[in-house]
There are 2 protein chains.
Amino acid sequence: MHRDPDPSAACTHAHCDVIDAEAVQSRARSYAASKGTRFTPTRQRVLALLAATGKPIAAYEIAEKLSGSRKVQAVQVYRALEFLQEAGCVHRLASRSAFFACDHRHGEGETVVFMVCSQCGAVQEAASDLVARGLRGAAKTTGFRPRHPMIEVEGECAKCAGESVS
Amino acid sequence: MHRDPDPSAACTHAHCDVIDAEAVQSRARSYAASKGTRFTPTRQRVLALLAATGKPIAAYEIAEKLSGSRKVQAVQVYRALEFLQEAGCVHRLASRSAFFACDHRHGEGETVVFMVCSQCGAVQEAASDLVARGLRGAAKTTGFRPRHPMIEVEGECAKCAGESVS
DNA sequence: GGGTGTAATGTAATGTTATAACGTATGGCG
DNA sequence: CGCCATACGTTATAACATTACATTACACCC
């Protein structure tokens, strides 16, 4: 194959590896500052867990893992996740109802593709201008005004595809 | 703007209008025949309701609407929906956990974009080769092997965008 | 320091979406 | 008919997410 590899797709990041906790924390902190809100301990703990986990996990799983002597309730986790998603540190995978941390700084209006490995659950992201153009083209034919695209691709990551001989 | 309008995006269908019930029913019927299974009354009723509704609705809403003297349980609806999705007559919108009928015949490996109006909830679909190429390009940079893309764009359909002056 | 207002938390309950388990019925076919 | 696979009925429960409301923590101002 010798097709256009979409140069803008070069900006990718493997979420199977532990992500840059410092980077996401500082992002959350500055978001909080900009909004006059706080990057509280609960929010820190949720983000830290997601960063250390490095792949999508369910909200109730977060609650369970953070529960020590004091039980952390689901609602607290959802509240923290809401903040972290607004801050751009965390994304929700609709296809799995799961959440993951992301140290990738997404530009405004950038079209991001989430690639989810069906074997190991790891997520990779890539920004693709070609996909963005395709979406605009598709919208144009029907007069649809796109606001917020959600693109999740299920498949196998390089590592898992390599292990199970193909 | 004078960008490539992605010619393959021309195949679109507005789901706000009632869809072709005959077409989807015959598709379900032939799928059942090919699998040695049946297009039973429950399945027919679920499909008919979705076709008449013309936009995504929740499984429990289907159950409620189909309930007359006999209450239709959610589990029955989910079973019917599973069959109908396999038959390609119905899609699930992950972003809304809702289901809708589709009389659009999707080719194998076709990349379909669902455009969901945040005002009226109607869904339009478009197949886009440009998007497909973008996804392949994004996958290539990380060695990801794509299997099943899911593309849902939230925005406003032409009708709703026109009403609320922009 | 004390008062005030907003943000955040704690707690309980509930709402919503989806599946498991298991027995019964139905329909095609030898 | 007897068998087998498919589908259904019913009950229960798992999994995901939010509402409501009382309380606490913190920044800001006087």
Side-chain angles (χ1 to χ4, degrees), chain A residues 28-47 49-50 56-87 89-100 116 121 150 152, chain B residues 28-47 49-50 56-87 89-100 116 121 150 152:
Chain A
R29 211 178 315 280
S30 53
Y31 172 78
S34 77
K35 292 294 232 181
T37 61
R38 281 162 285 155
F39 184 37
T40 61
T42 303
R43 292 166 179 181
Q44 290 171 34
R45 295 214 299 149
V46 170
L47 181 55
L49 175 60
L50 286 174
I57 54 176
Y60 275 75
E61 207 177 332
I62 297 171
E64 204 177 326
K65 291 211 168 122
L66 293 184
S67 290
S69 51
R70 275 249 182 309
K71 168 122 183 152
V72 176
Q73 302 293 341
V75 66
Q76 304 174 256
V77 174
Y78 282 106
R79 290 199 275 229
L81 288 170
E82 186 181 0
F83 168 87
L84 294 167
Q85 288 177 91
E86 281 167 7
C89 301
V90 165
H91 298 299
R92 177 175 183 271
L93 263 193
S95 55
R96 301 198 162 199
S97 297
F99 302 83
F100 64 100
V116 188
M150 201 199 66
E152 298 177 13
Chain B
R29 210 178 316 278
S30 53
Y31 173 78
S34 77
K35 291 295 232 181
T37 61
R38 281 163 286 156
F39 185 37
T40 60
T42 303
R43 292 167 178 180
Q44 290 172 32
R45 294 215 298 149
V46 170
L47 181 56
L49 175 59
L50 286 175
I57 55 176
Y60 275 76
E61 207 177 331
I62 296 171
E64 204 177 326
K65 292 212 170 122
L66 293 185
S67 290
S69 52
R70 276 250 180 307
K71 167 123 182 151
V72 176
Q73 301 294 340
V75 66
Q76 304 174 255
V77 173
Y78 281 106
R79 289 198 276 229
L81 288 171
E82 186 180 359
F83 168 86
L84 295 168
Q85 288 177 261
E86 282 167 8
C89 301
V90 165
H91 297 299
R92 177 177 181 271
L93 264 193
S95 56
R96 302 199 161 198
S97 296
F99 302 83
F100 63 99
V116 187
M150 205 198 63
E152 299 176 13

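Side chains included, hydrogens not; waters and symmetry mates left out as well; all remaining heavy atoms used. Quick note on labels: first sequence line is chain A, next is B, and so on, each numbered from 1.
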ask   = For B:L93 and C:dT17, what is the distance between atoms CG and P respectively, to the nearest whole Å?
value = 13 Å

message = From the set C:dA18, D:dA7, C:dA8, return the single nucleotide nearest to any side-chain atom of B:F99.
response = C:dA18

query = Rounding to a whole Å, what distance do you find between A:R92:CZ and D:dC16:P?
reply = 10 Å

message = Please confirm whether the shortest side-chain N or O distance from A:R79 to OP1 or OP2 of C:dA8 is below 4.0 Å.
response = no

task = Nearest whole angstrom, please: distance from the P of D:dT6 to the OH of B:Y31.
result = 12 Å

task = Please state how far atom CZ in B:F83 lies from atom C1' in D:dC8, giving the value in whole angstrom units.
result = 15 Å

inquiry  = What is the separation between atom NZ on A:K35 and atom P on C:dA8, rounded to the nearest whole Å?
reply    = 11 Å

query = For B:R96 and A:V75, take the nucleotide of DNA chain C holding the closest heavy atom to each; which residue's nucleotide lies nearer the 5' end?
reply = A:V75

message = Please confirm whether the shortest side-chain N or O distance from B:R70 to OP1 or OP2 of D:dG9 is below 4.0 Å.
response = no

query = How about A:F99 and A:H91: are their ring centroids closer than 6.0 Å?
reply = no

message = Can you tell me if A:T42 touches the phosphate of C:dA8, counting only side-chain N or O atoms and a distance under 4.0 Å to OP1 or OP2?
response = no

query = Are any non-hydrogen side-chain atoms of B:R45 and B:R43 less than 4.5 angstrom apart?
reply = no

inquiry  = Let's test your reading of the model: under 3.5 Å, does the base of D:dA14 pair with the side chain of A:Y60 as donor and acceptor?
reply    = no

request  = Identify which nucleotide among C:dA8, D:dC16, D:dA7 has an atom closest to any side-chain atom of B:R38, counting heavy atoms from C-beta outward.
outcome  = D:dA7

key: Rounded distance in Å - CD (B:E86) to P (D:dT6)   = 12 Å

request  = Check the pair B:E152, B:S95 against side chain to side chain donor-acceptor pair (under 3.5 Å), reporting the backbone distance first and the verdict last.
outcome  = CA-CA 7 Å; B:E152 299 176 13; B:S95 56; 2.5 Å; yes

key: Separation of C:dG27 P from B:R43 CZ (nearest whole Å)   = 13 Å

ask   = What heavy-atom pair brings B:A63 and B:S67 nearest, and what distance separates the two atoms?
value = O-OG, 2.7 Å

task = Ignoring the backbone of A:Q76, work out which of C:dT11, D:dA17, D:dA7 is nearest its side chain.
result = C:dT11

query = Between A:T37 and C:dT6, is there a side-chain N or O to OP1/OP2 distance below 4.0 Å?
reply = no

message = Is the phosphate of D:dA15 approached by A:S97 (side-chain N or O, under 4.0 Å from OP1 or OP2)?
response = no

query = Do A:E61 side-chain atoms and A:I57 backbone N/O form a donor-acceptor pair below 3.5 Å?
reply = no

ask   = Between D:dT11 and B:Q73, is there an OP1 or OP2 to side-chain N/O distance shorter than 4.0 Å?
value = no

task = Kindly say if B:Y78 contacts the phosphate of C:dA18, meaning a side-chain N or O under 4.0 Å from OP1 or OP2.
result = yes

query = Nearest-Å distance, CD (B:E61) to C1' (C:dT17)?
reply = 13 Å

